[in-house]
Trainee: 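Sharing a structure with you now.
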Amino acid sequence: MKGTAIRCKARQTEVVGCMLKRYAAERLSSVIPDLSVEAIEAALEVPPNPAFGDWAFPAFPLAKTRRKAPPIIAREIAEALAAGVSGLRAEAVGGFVNLRLDRAAILPDLLRALSAPEHKAPKVGAGERVIIDMSSPNIAKPFGVGHLRSTVIGRALANLYARLGYTPVRVNHIGDWGTQFGKQIAAYKRWGEAIDRDGGAEAGKDRIRFYLSLYVRFHEEAERDPSLEAEGRRWFQKLEAGDPEARRLWQMFVEDSLREFERMYRRLGVEFDRVIGESFYNDRMPAVIDELREKGLLEESEGAMVVRLDDEGLPPCLILKSDGTTLYATRDLATAIYRHDEMGGDWLVYVVGQEQTLHFKQVFSVLKKMGRTWADRCVHVPFGLLRFAGKKLSTRKGHVIFLEDVIDEAVAKAREIIEEKNPALENKDEVAEAVGIGAIVFGDLKNGRLGDVNFSLEEALNFDGETGPYVQYTHARARTVLARAAEDADPAALAAAKARLESGGPLPPSATAALITDAAWAVLGVLDRYPAELRAALERYEPSVVARYALELAKAFNRFYHAERILVPDVDERAAKLVLVERAADVLQDALGLLGIAAPERI
RNA sequence: GUGCCCGUAGCUCAGUCGGACAGAGCGUCUGACUACGAAUCAGAAGGUCGGGGGUUCGAAUCCCUCCGGGCACGCCA
């Protein structure tokens, strides 16, 4: 099995949902009695060349049972189809049966299916609550480009869950606790306090830079002066003990940071159902430790307390340090139990970098040993590391790229392009924001989660080709056509013609002719796959499936747009083409929406 | 050392529960704005799918092995 995500077996169902494919499979099954419709549907594939037809059925697997050569079987199937089955044409080529659907015959059903509500919302779940751990930045640290991944992947997954019938709960698990806060306080006391007293207290983004510079300086000086580390530890002990000054400074870091994060989230359009700091779980950890001890899972090892996981083939999970204090695994156990027991989570999903894969395996295994049967409904959705100029970004060394800087550049570039190409646009700032951010978010989501990303500003600012702006442009272009059509004379006749098209009844000849051209049919074929793509995206926890799909649809639409004139005089033909344009625009907007990207009417 | 992830065109990446000559975008070159938006479209050039074995009628896809890059492997999160 590929990937480290533990997949939900209940959702490992066949990926179907295209009515065209099912149609072909059903026709085929009448002449292939030894296979079920489902098996045939699963076997059908898209031929490498459109000239070969719409679908291809490989006859090779039947060769064993039928004890005949594949080309002979293929020919028999093709002949049987020609003799007694309507709705498609078949041709045997080698071991394949190439199928060409009778486009005109299926068109009414297809149009009806495309306008049905289930097309954009195929039901999979039954309202189960899915707690999604996403974004989860650290206090007193900048919101860097690295946090973008967890944030936008998590948001897209939450949208997909909601769409497919689950109840997602988006949780921002803020890193507000740990020994680094002792260091942060120590650094602030040593150098920062004086600066603030002199009135150097910056606000906003610079405040975070200020904290970061103190943190970096701390690590630099700690290399020469090891006593700093001890000082940091002492401050953390004071913080844990509730020392007023330590609490006050910690509170200041938290508030300043959350304000900054909130601004980023607003720009990205990300919302959370719960924002809970790690410190929230401080008083919940003793109960976990007690339970582990009662169940006899805790063992002493090298002075620390661990849970052995040899039977799972995993290294031991460290629960208590030799000084008796807790570790992040302890906290994550308490967090998971809270999310299940008190937040009512049926599934716990963690959108966290792949460097923590082992950690989550251990935590889930410990939960299982504790008798929590829901442990196998805990899923780690890992993603690759983001690096810059081939280097890993390091907070300690101050190697960070502020997401806001990147966003600002992208928005400025979008603004320039708008001035150049569409100076008459009304809400330029709003659109520039949507396009600039859309470029960044799409640029992240179009690639598979697992690969490491080598961040390139140049690439993030490229709006040509397979990009967010390309999809947004295509959508806006489609909307413009629709708006122009609405201005046309005789809207009543147009509306009547469109209603007829979506009723599932017989179509006027000029409407049928307009939609069965290669260019139009290609668009309809891509539209038909949308529900299946949504299911596949969630099943694989892979928003890039949706992004790739949006690109494919945009590409097919643009081809159609160039090949055909849409606003033609014939009412039926115009209505037919407009239905296609409207469906394409709706699905593009919908797919962008799932990815968390705005789809302005004009750009 | 052990485990996991990655290795496909100059660059960035799809395709990986096996299927027909390996697909996009960027970049390069050539065309298309007096039609609904040229942030577009059409076309060209460009690849030992990291190497080698194996399974199979058929392998980028599955198995083994090696090479290269990354991450993780006890008191950070």
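Chain letters run A, B, ... following the sequence lines, proteins first and then strands; every chain starts at 1.
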Trainee: For the C1' atoms, the ones on B/A9 and on B/A32, what distance do you get once it is rounded to whole angstrom?
Mentor: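 So the two C1' atoms sit 26 Å from each other.
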Trainee: Is A/Leu551 touching bases, backbone alone, or none of the nucleic acid, heavy atoms closer than 4.0 Å?
Mentor: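 Counting heavy atoms under 4.0 Å across all strands, no contact is made by A/Leu551.
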Trainee: To the nearest Å, how far apart are A/Phe557 CZ and B/U40 P?
Mentor: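 It works out to 14 Å between those atoms.
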Trainee: What's A/Ala56 touching, base or sugar-phosphate or nothing? Going by heavy atoms closer than 4.0 Å.
Mentor: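 It contacts base atoms.
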Trainee: Please name the nucleotide paired to B/U16 by Watson-Crick or G-U wobble geometry with both distances under 3.5 Å, or report none.
Mentor: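 Across any shown strand, B/U16 pairs with none.
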Trainee: Consider the side chain of A/Leu327, meaning its heavy atoms from C-beta on, and name the nucleotide among B/A20, B/C36, B/A77 that approaches it most closely.
Mentor: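 Comparing B/A20, B/C36, B/A77 against the side chain of A/Leu327, the answer is B/A77.
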Trainee: Can you tell me if A/Glu300 has over 12 outside heavy atoms packed within less than 6.0 Å of its CD?
Mentor: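 More than 12 heavy atoms, drawn from other residues, nucleotides or ligands, come within 6.0 Å of this atom.
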Trainee: Would you mind classifying the nucleic acid contact of A/Asp323 as base, sugar-phosphate or nothing, using non-hydrogen atoms under 4.0 angstrom?
Mentor: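 Nothing, no nucleic acid heavy atom in range.
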Trainee: State yes or no: are the ring centers of A/Tyr211 and A/Phe253 separated by less than 6.0 Å?
Mentor: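 Yes, the ring of A/Tyr211 comes within the 6.0 Å limit of the ring of A/Phe253, centre to centre.
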Trainee: Under 4.0 Å, heavy atoms only, any strand: does A/Tyr470 hit a base, just the sugar-phosphate, or nothing?
Mentor: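 A/Tyr470: backbone/sugar contact only, no base atoms under 4.0 Å.
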Trainee: Picking from B/U12, B/G74, B/G25, which would you name as closest to the side chain of A/Ser301?
Mentor: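 Among B/U12, B/G74, B/G25, the one nearest the side chain of A/Ser301 is B/G74.
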Trainee: When all nucleic acid strands are considered with a 4.0 Å heavy-atom cut-off, which category describes A/Arg484: base, sugar-phosphate, or nothing?
Mentor: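 Here A/Arg484 touches the backbone only, sparing every base.
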Trainee: Out of B/C73, B/C75, B/U40, which nucleotide sits closest to the side chain of A/Leu318?
Mentor: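 Of the options given, the side chain of A/Leu318 lies nearest B/C75.
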Trainee: Test your reading of the model: is there a side-chain donor-acceptor pair from A/Arg331 to the backbone of A/Glu278, 3.5 Å cut-off?
Mentor: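 Indeed, once roles are kept as given, a pair shorter than 3.5 Å links the two residues.
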Trainee: Using a 4.0 Å heavy-atom cut-off, does A/Glu302 contact any base of the nucleic acid, only the sugar-phosphate backbone, or nothing at all?
Mentor: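 Base contact.
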Trainee: With the side chain of A/Leu450 defined as its heavy atoms from C-beta on, choose the nearest nucleotide among B/A39, B/A35, B/C5.
Mentor: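 Of B/A39, B/A35, B/C5, B/C5 is nearest to the side chain of A/Leu450.
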Trainee: With heavy atoms under 4.0 Å as the rule, sort A/Val306 into base, sugar-phosphate or nothing.
Mentor: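 A/Val306: base contact, heavy atoms under 4.0 Å.
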Trainee: Which part of the nucleic acid does A/Pro47 contact within heavy-atom distance under 4.0 Å: base, sugar-phosphate only, or nothing?
Mentor: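 Base: the residue A/Pro47, judged by heavy atoms under 4.0 Å, touches a nucleobase.
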Trainee: Can you find an N or O donor on one side and an acceptor on the other, under 3.5 Å apart, linking the side chain of A/Thr179 with the base of B/C76?
Mentor: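 Absent.
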Trainee: Tell me: NZ of A/Lys446 to P of B/G15, nearest whole Å?
Mentor: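 It is 13 Å, rounded to the nearest whole Å.
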Trainee: Starting from C1' on B/C57, measure out to CZ on A/Arg66 and report it in whole angstrom.
Mentor: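 One finds 17 Å between C1' of B/C57 and CZ of A/Arg66, rounded.
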Trainee: Can you tell me the base-pairing partner of B/A44? Count Watson-Crick or G-U wobble geometry only, both distances below 3.5 Å, and say none if there is no partner.
Mentor: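 Here B/A44 is engaged in a pair, and the nucleotide opposite it is B/U28.
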Trainee: Heavy atoms only, 4.0 Å cut-off, all strands: where does A/Ala476 land among base, sugar-phosphate and nothing?
Mentor: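 A/Ala476: base contact, heavy atoms under 4.0 Å.
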Trainee: Mind calculating the distance between CD (A/Gln356) and C1' (B/C5) to the nearest angstrom?
Mentor: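 The distance from CD of A/Gln356 to C1' of B/C5 comes to 15 Å, rounded to the nearest Å.
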Trainee: Look at all strands and tell whether A/Arg331 reaches a base, only sugar-phosphate, or nothing, counting heavy atoms closer than 4.0 Å.
Mentor: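 Touches nothing.
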Trainee: Quick check: on RNA chain B, is the nucleotide nearest A/Val93 upstream (toward 5') of the one nearest A/Thr474, or the reverse? Name the residue that is more 5'.
Mentor: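 Nearer the 5' end of the strand: A/Val93.
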Trainee: Scan every strand shown for a Watson-Crick or G-U wobble partner of B/U55, both distances under 3.5 Å, and answer none if you come up empty.
Mentor: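 Across any shown strand, B/U55 pairs with none.
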Trainee: Distance alone, cut at 3.5 Å: any donor-acceptor contact between the side chains of A/Glu542 and A/Ser544?
Mentor: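 Short answer, yes.
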Trainee: Measure from CG on A/Leu309 to C1' on B/C73 and round the result to the nearest Å.
Mentor: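 Whole-Å distance recorded here is 13 Å.
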Trainee: Looking at B/A24, B/C26, B/G37, which one has an atom nearest to any side-chain atom of A/Glu466?
Mentor: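 Of the options given, the side chain of A/Glu466 lies nearest B/A24.
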Trainee: When you get a sec, tell me which of B/C36, B/C26, B/C73 is the closest nucleotide to the side chain of A/Leu567?
Mentor: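 From the listed options, B/C36 comes nearest.
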Trainee: Report the base-pairing partner of B/G7 (Watson-Crick or G-U wobble, both distances below 3.5 angstrom), or none.
Mentor: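 B/C67 - that is the nucleotide pairing with B/G7, both distances being under 3.5 Å.
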Trainee: As a test of reading the structure: which of B/C13, B/G37, B/A20 is closest to the side chain of A/Asn447, going by heavy atoms?
Mentor: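 Out of B/C13, B/G37, B/A20, the nucleotide with an atom closest to A/Asn447's side chain is B/C13.
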Trainee: When the nearest nucleotide of RNA chain B is assigned to A/Phe60 and to A/Thr325 on a heavy-atom basis, which residue is associated with the more 5' position?
Mentor: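 This one resolves to A/Phe60.
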Trainee: Mind checking if A/Ile603 touches a base, just sugar-phosphate, or nothing, with heavy atoms under 4.0 Å?
Mentor: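 Contact class for A/Ile603: base.
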Trainee: Counting distance alone, no hydrogens or angles: does the base of B/A20 have a donor or acceptor under 3.5 Å from a partner atom on the side chain of A/Asn98?
Mentor: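 Side chain to base: pair found, below 3.5 Å.
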Trainee: Within the 4.0 Å heavy-atom criterion, would you say A/Glu552 contacts the bases, only the backbone, or no part of the nucleic acid?
Mentor: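 Nothing, no heavy atom under 4.0 Å.
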Trainee: Answer with base, sugar-phosphate or nothing: what part of the nucleic acid does A/Gly353 contact at a heavy-atom distance below 4.0 Å?
Mentor: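 No contact.
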Trainee: Checking only heavy atoms, does the side chain of A/Tyr473 share a donor-acceptor pair with the base of B/A39 at less than 3.5 Å?
Mentor: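 Per atom types, no contact qualifies.
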Trainee: Check whether A/Asp452 reaches the backbone of A/Leu385 with its side chain - one donor and one acceptor, N or O, closer than 3.5 Å.
Mentor: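 Yes; at least one donor-acceptor contact below 3.5 Å.
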Trainee: Tell me the partner of B/C73, counting only Watson-Crick (N1-N3 plus N6-O4 or O6-N4) or G-U wobble (N1-O2 and O6-N3) with both under 3.5 Å; none if nothing fits.
Mentor: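 B/C73 is paired, partner B/G1.
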Trainee: Closer than 4.0 Å, any side-chain N/O of A/Arg540 to the OP1 or OP2 of B/G15?
Mentor: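 Yes, within the criterion.
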Trainee: If you check every side-chain atom of A/Glu355, which of B/U40, B/C36, B/C71 has the closest atom?
Mentor: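 Comparing B/U40, B/C36, B/C71 against the side chain of A/Glu355, the answer is B/C71.
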Trainee: Which part of the nucleic acid does A/Pro48 contact within heavy-atom distance under 4.0 Å: base, sugar-phosphate only, or nothing?
Mentor: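 It contacts base atoms.
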Trainee: What nucleotide among B/C41, B/C73, B/A39 has an atom nearest to a side-chain atom of A/Lys555?
Mentor: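 The answer is B/C41.
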Trainee: Picking from B/C21, B/G37, B/A14, which would you name as closest to the side chain of A/Phe52?
Mentor: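 Of all the options, the side chain of A/Phe52 is nearest to B/C21.
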Trainee: Would you say A/Ser136's side chain and A/His173's backbone share a donor-acceptor pair under 3.5 angstrom?
Mentor: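 Judged by distance alone, yes, a pair lies under 3.5 Å.
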Trainee: So does A/Thr467 reach the base of B/G25 with its side chain, donor to acceptor, closer than 3.5 Å?
Mentor: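 Side chain to base: no pair below 3.5 Å.
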